[in-house]
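Notes to accompany the following structure.
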Amino acid sequence: MTAPMRLPSQPGEVIDRTVPLMFGWNGRAASGYAGDTITSALAASGERVFSRSFKYHRPRGILTAAFDDPGCTVQVGDEPNVRAAHRRLAAGMDVRAENAWPSLKYDVKAANQLVGRFLGAGFYYKTFISPQRLWPAYESVLRRFSAGGSMSVDARRGDYDKRYVHVDVLVAGGGPAGMAAALAAADAGASVLLVEQEYDLGGHLRYGGAAELATLRELRDRVAAADAIEVLTDSVAIGRYEDNWIAVMQRTAAGVAERLVKARARSLVVAPGLIERPYVFAGNDLPGVMLSTGVRRLINLYAVKPGLRAAAFIANEAGDAAVEDLRRAGVQIAHVADARRGTGLVHATGRGGLRSVRFSDRTVEADLLVTAVGWTAPTALASMAGDRPEFDPGAARFFPTVAELPGGIYCTGGLAGDGSLDELVGHATAVGRAAATRSRVGVAPLPHDPHPALFHGPTDGFVDLCEDVTSKDLATAVAEGYDGAELAKRYTTSTMGPTQGKLEVVNTIAMIAELTGRGIAETGTTTWRPPYAPVTLGALAGRTFEPVRYSPMQPWHSAHGAKPLVAGAWIRPDHYGDPAAEVRAVRSGVGIIDVTPIGKLDLQGPDVAKLLNLLYVNKWSKLGIGRVRYGAMCADDGVVFDDGVTGRLAEDHYLMSTTSSGAAAVWEWVENWLQTEHPEWAVHVTPVTTSYASINVAGPKSRELIARVTDVDLSPDDFGYMHVRTGRVAGVEDSVLWRIGFTGELSYELHVPGAFGLHVWETLLREGADLGVRAFGVEAQRILRLEKGHLIVGQDTDGLTRGFSAGLDWAIKLDKDDFVGKPELVWQGERSDHPRLVGLATVDPQLVPPEASQIVAGGEIVGRVTSSRMSPTLRRSVCLAQLADRLARPGTTVNVRLPDGRTIQARVTDGLAAVDPDGKRMRV
Amino acid sequence: MMLLPCPWCGPRNVTEFAYRGENIARPDPNTADKATWRDYLYYRSNRAGWEREGWFHRAGCRQFFSIERNRTTNETRGVGTPDGAGDAAHSGDSR
Ligand SMILES: [Zn+2]
């Protein structure tokens with residue numbers, strides 16, 4: 001591939017001619033140099049069209065030759081929407097045009113141009129509003145015409161990283177002002193993060209003349225030598241939030257696809273420079289119409305000749321410099337129209353590219369038209385800090401209102417005003433010094449230079465090149481009453497495309513102002529919201545770090561086929577292949593389950609009993625040493641919050657257990673009441689959930705098994721039901737054993753120091769082999785407790801279930817002086833029309849109504865099944881349900897609506913327990 | 001993301017804290033009537049401007065404390081103890 005538009009070596013060029021790179025462009029071989037962008041490499045080979053436009057599928061070329069170039073978005077491999085005028089070329093890239101079918105040159109959808117009048121302002125609202133039932137059909141057609149590349153679900157771009165930074169000063173923008181501010185802040189002793197969206201520091205100096213390049217080298221050398229300045233290039237500050245919390249998108253970061261930097265800065269210096277504003281006229285989107293900054297970037301950074309024969313329409317020194325660059329590059333200058341002298345630009349024509357330009361005084365043939373009509377101030381970060389930018393008609397641009405900026409926010413460079421390079425650097429130096437101390441001392445405002453106000457010519461053209469919004473569309477919107485900036489913007493979608501209004505916003509406001517006969521200042525600006533630059537969703541999502549918890553017995557579980565169950569942060573064995581067999585083993589012999597996730601709080605101090613009396617609905621004053629008691633907690637609205645058992649190990653020493661899922665919440669709850677309501681109580685709380693490994697040993701043979709591994713006296717007279725002992729288990733000192741019965745069987749819950757968990761687990765299995773000991777999982781435990789009618793808070797209760805609806809009547813002691821939730825429970829107890837927790841037996845014993853099946857009566861929902869399983873012990877289904885009080889008498893038949901629409905009958909049982917209702921088995 | 005000054009740890013990201021809402025005294029559970037109790041449970045002033053609020057430094061020192069926050073500007077002052085007593089030593093600007 002030849003490079004007919006490549007210029008000889010330029011003083012500021014960033015390409016490395018010793019490193020040629022081959023890549024693909026729409027399936028053909030193409031080449032460029034290291035340092036080229038995709039666009040500059042293609043432009044060097046003579047390519048002028050890079051995309052088809054969003055709505056009308058018009059050919060589009062280079063406008064700005066930078067990230068925000070609206071016509072230079074391409075697909076690279078499986079990555080859509082790559083900014084080709086920014087992305088550096090890499091060998092082997094497979095670059096393809098987006099939004100064109102079947103090809104960039106012959107785009108069928110360009111027929112949209114011919115029906116353009118149907119796609120004007122509010123087109124979608126007007127055309128597809130009715131009938132609404134046709135929306136799905138409309139949507140499928142519209143989608144085929146929408147912009148954007150293609151995504152692959154298999155695309156892998158590596159990890160997206162996050163980083164946290166704390167600095168004294170963050171400088172957003174690495175042009176001359178940004179570099180000078182960073183240097184001054186660093187000199188004043190501040191740590192500085194300097195963020196630049198291009199690959200190199202320098203801003204417009206990079207494509208300037210010899211004097212600019214000399215200043216650039218000096219500033220860059222000083223920044224490189226300043227230890228206190230960290231530079232992030234190809235990075236953008238995308239948002240400023242409270243207290244200068246600043247999100248920085250680092251697009252190039254070693255080892256990861258992208259990195260989101262979350263910076264907290266004492267001071268933020270906003271120094272983004274200025275964005276050149278396009279001019280609106282018929283033909284302003286033709287390939288070959290470029291901004292002066294685009295022309296200067298192509299020539300000076302990439303050594304690319306932007307065209308062969310140029311016309312220019314210029315109103316400032318940037319335009320003069322671009323014309324000078326073109327002359328030097330050997331481009332024939334057909335005509336330079338100086339807007340400062342009143343010459344006008346009427347329209348441009350051509351097919352597939354610029355051919356001719358009509359000025360107010362002549363028409364010239366040209367393949368390149370350079371415009372330099374003014375600037376847009378990217379006030380985004382200042383606006384996000386609460387600033388309301390003001391329009392200066394004399395300077396024809398917005399400025400931040402420095403007086404309104406909150407503490408710790410500074411603006412410098414072109415955003416703040418005008419001046420020579422030395423004056424801007426001087427201002428930035430003063431700003432950097434002030435930012436280092438968070439003061440405003442020594443910063444004199446910059447002047448605003450006059451600039452002609454040029455927004456559009458006498459013909460209609462594109463205002464928004466991303467969204468294909470024309471000046472005619474804006475006129476339609478205003479005529480239809482959408483005459484405010486925010487309204488017209490939403491109606492026409494002007495400024496809502498991928499460049500986010502950076503190029504279009506001021507032209508849009510100026511034209512609305514003109515159409516409504518108001519000034520620009522009255523019309524206002526549209527709000528700049530984060531993100532300031534486009535962000536990939538991957539960068540926002542980041543890498544997922546989801547810590548999981550395993551018990552010390554996990555190696556045994558995974559070696560024995562445990563099916564994992566995700567339970568909050570824990571991964572637990574759900575079962576080991578046959579939960580029904582596990583249930584039978586517990587009922588007939590002995591089983592062991594890993595219950596390490598059970599929440600455990602060590603409570604010490606003379607006032608623990610007061611605390612327990614306050615937090616539990618039942619009484620605790622008389623709990624003797626060596627005893628364990630079940631307790632339920634309610635919140636102050638009376639809703640059941642958690643339950644568990646608490647044992648008294650010594651005079652002032654208790655061990656509280658909570659549900660596995662409630663462990664963190666109960667710890668916080670306990671601290672809350674101690675710290676805020678009763679700071680005078682002497683109680684010390686230590687969370688010990690993971691300090692202990694916990695094993696429940698359950699079944700009629702559990703005593704026999706435990707006896708083999710402990711010297712604790714297990715005789716039922718000494719160590720009865722609901723008692724606690726401490727001692728040695730499997731040789732492990734300081735173990736806690738409590739005799740409780742969640743499964744309904746004789747059982748001992750062992751809490752052993754965590755490091756010995758696996759040892760104790762394996763010892764129990766070895767010592768109990770001849771007893772048929774078997775590990776059981778969460779599923780078997782759920783069946784066992786359901787057979788026994790023991791509730792699970794959060795399963796058999798919900799966020800509205802108060803104590804008397806949870807079958808806790810026996811536990812709630814309203815004669816206590818105070819406990820959390822007491823008044824609500826008093827009132828609930830007085831009414832007794834609340835739902836009840838009941839047991840259900842289906843009339844057809846083989847039917848298991850799925851959990852959450854509704855119970856219906858007389859066309860109303862009167863309850864729901866909260867737990868249901870087939871009972872391996874009884875060989876029939878067992879259920880718990882929340883049921884309206886009037887139907888809750890034992891023996892009542894209720895109708896249960898299944899998810900498949902069938903209705904089945906079930907009978908309310910006498911009590912909650914289906915197995916061993918008298919509780920004899922667990923008390924032996 | 002705003003910074004919140006923990007009396008024990010200093011300024012920290014607000015995401016480290018749990019918000020407990022306006023400081024409301026718990027009525028005497030034995031004498032409170034239903035209206036009083038429901039006000040305590042559910043009713044909040046939601047005033048714009050300064051309000052004394054409870055916060056919990058969940059991902060930090062695990063301490064509950066109260067602080068005045070301007071709900072319009074997120075300025076803070078008068079960081080204090082859990083029971084709501086402002087501690088003027090932490091701020092020269094106390095209500
Ligand atoms: Zn703290």
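Per chain, numbering begins at 1; letters A, B, ... match sequence-line order.
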What do you reckon, are the aromatic ring centroids of B:W55 and B:Y19 less than 6.0 Å apart? yes
Need one label for B:L41: side chain, backbone, both or neither, based on atoms under 4.5 Å from any heavy atom in chain A. side chain
Is a donor from one side chain sitting under 3.5 angstrom from an acceptor on the other, for B:E68 and B:T76? no
Ranked by heavy-atom pairs below 4.5 Å to chain B, first place among A:E677, A:E824, A:R264 goes to A:R264
Pick from A:L603, A:V688, A:L601: which one makes a side chain to side chain contact (heavy atoms under 4.5 Å, CB included) with A:L655? A:V688
Between A:N244, A:D243, A:D636, A:D818, which has the largest tally of heavy atom pairs under 4.5 Å with chain B? A:D636
Checking B:T31 against chain A: side chain, backbone, both or neither under 4.5 Å from a heavy atom? neither
Does a donor on one side chain and an acceptor on the other come within less than 3.5 Å for B:T36 and B:D39? no
Heavy-atom proximity to chain A below 4.5 Å, by part of B:D28: neither
Given a strict heavy-atom distance threshold of 4.5 Å, which part of B:R62 is in contact with chain A: side chain, backbone, both, or neither? both
Heavy-atom side-chain proximity of A:L808 to A:V640 below 4.5 angstrom: yes
Between A:N672 and A:T676: side-chain donor-acceptor atoms closer than 3.5 Å: yes
Max heavy-atom pairs within cutoff under 4.5 Å with chain B, candidates A:E671, A:E668, A:K262, A:K822, goes to A:E668
